[in-house]
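Have a look at the structure below, then the notes.
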Amino acid sequence: MPRSVSGVEMRKRQAAHIEAPPQAPGQPRPNTCCLCWCGCCKCLWNEDRMERSERQTCTKMDSIEATEEQRPSLEEVLSWARSFEMMLRSLEGREVFRQFLRSEYSEDNLLFWLACEELKKETDPTAVDEKARIIYEDYVSILSPKEVSLDSRVREGINQSLAEPSNLMYEEAQLQIYTLMHRDSFPRFLNSSVYRDLLASRRRTCLDT
């Protein structure tokens, strides 16, 4: 008789654990039945685990979609071949073009052009003076660590402008570098594996979707 009573009590305790209402957030859960650890569908712990898994999956998918959105579209990549100017105005275009220039050891041409673009937007005289001198020291001076292809006449004009720097003092030099990149580097870029691989990748993406 005592064994029978003990068995009934044990079953009641197990049932109480299974049917117990959810605990408030932050409160410890009571001990669960052994079925919970085997994947019982009614187990509160198992439900929380499934919810966490779904949230993590959604977050991962959102991250993948966000990365995909940052990539240039097929139309944008094709537009670069039609317009050098359009490629330079595209953040993704500049990055891909810079990757190609790095392989030819002419990345400094693009960096110089971009630095001049930033200088032209500056209106504060103190900032103009500082940025103009940094550009000179980095790209124009005979002691500069970076090399851009400027002729002697343009360099001399820049040297004279250093007495009174302005945000347009590199305009002629910038145009010279722009022309060099457009006529010399850009055609090779369009025939390079850097551009062709990106174009092929964008086309595959369009076919898959």
Distance col, row Lys131:NZ vs Glu118:CD, nearest 0.5 angstrom, shows 6.0 Å
When rounded to the nearest 0.5 angstrom, what is the spacing between NE2 in His182 and CG in Leu88? 9.0 Å
Is Arg188 salt-bridged to Glu104, going by a charged N under 4.0 Å from an acidic O? yes
Taking C-beta and beyond as the side chain, do Leu199 and Leu74 meet within less than 4.5 Å on heavy atoms? yes
When the side chains of residues 138-150 are checked against the rest of the protein, which donor-acceptor pairs come out under 3.5 Å, sequence neighbours left out?
| residue | atom | partner | partner atom | Å |
| --- | --- | --- | --- | --- |
| Ser141 | OG | Leu143 | N | 3.1 |
| Ser144 | OG | Ser141 | O | 2.7 |
| Ser144 | OG | Lys146 | O | 3.0 |

Quick one: CD on Glu156 to OG on Ser161, what's the gap to the nearest 0.5 Å? 10.0 Å
How long is the gap from CD1 on Ile134 to CG on Leu119, to the nearest 0.5 Å? 10.0 Å
Using every non-hydrogen atom in the two residues, find where Ile158 and Ala173 come nearest and quote the distance to one decimal. CD1-CB, 3.8 Å
How long is the straight-line distance from OG of Ser73 back to CG of Leu78, given to the nearest 0.5 Å? 8.5 Å
With hydrophobic residues grouped by side-chain heavy-atom distances under 4.5 Å, do Leu168 and Val128 end up in a single group? no
Got a sec: does the CZ of Arg89 have more than 12 other heavy atoms crowding it under 6.0 Å? yes
Taking the side chain as C-beta and beyond, is there a heavy-atom pair between Tyr178 and Trp113 under 4.5 Å? yes
Is any side-chain N of the basic residue among Arg155 and Asp151 closer than 4.0 Å to the acidic one's carboxylate O? no
Note: Ala81 and Leu190 closest approach over all heavy atoms is CA-CD2, 3.8 Å
Within a strict 4.5 Å, meaning less than it, do heavy atoms of the Met169 and Leu162 side chains meet? yes
Do the side chains of Met86 and Leu175 join up, straight or via other hydrophobic residues, at under 4.5 Å, putting them in one cluster? no
Are the aromatic rings of Tyr170 and Tyr136 close, with centres under 6.0 Å apart? no
Side chains of Met181 and Leu101: does their closest heavy-atom pair fall under 4.5 Å? yes
Okay, side chain of Ser103, backbone of Phe100: is any donor-acceptor separation there less than 3.5 Å? yes
Going from CG on Leu111 to CD1 on Ile177, what distance comes out if it is rounded to the nearest 0.5 angstrom? 11.5 Å
Is any side-chain N of the basic residue among Glu117 and Lys120 closer than 4.0 Å to the acidic one's carboxylate O? yes
Are any of the side-chain heavy atoms of Cys116 and Glu171 separated by less than 4.5 Å? no
Determine whether Ser79 and Arg82 make a side-chain contact, defined as any pair of heavy atoms from C-beta on separated by less than 4.5 Å. yes
Within the structure provided, determine whether Arg94 and Met87 are in side-chain contact (heavy-atom separation under 4.5 Å). no
Passes side chain to side chain contact (heavy atoms under 4.5 Å, CB included), Phe112 versus Glu107? Steps please. CA-CA 9 Å; Phe112 171 76; Glu107 177 186 13; over 6 Å; no
Evaluate the ring planes of Phe97 and Phe189, with Trp represented by its six-membered ring, and classify them as parallel (under 30°), tilted (30 to 60°) or perpendicular (over 60°). perpendicular
Note, Arg153 side chain near Glu172 side chain (heavy atom, < 4.5 Å): yes
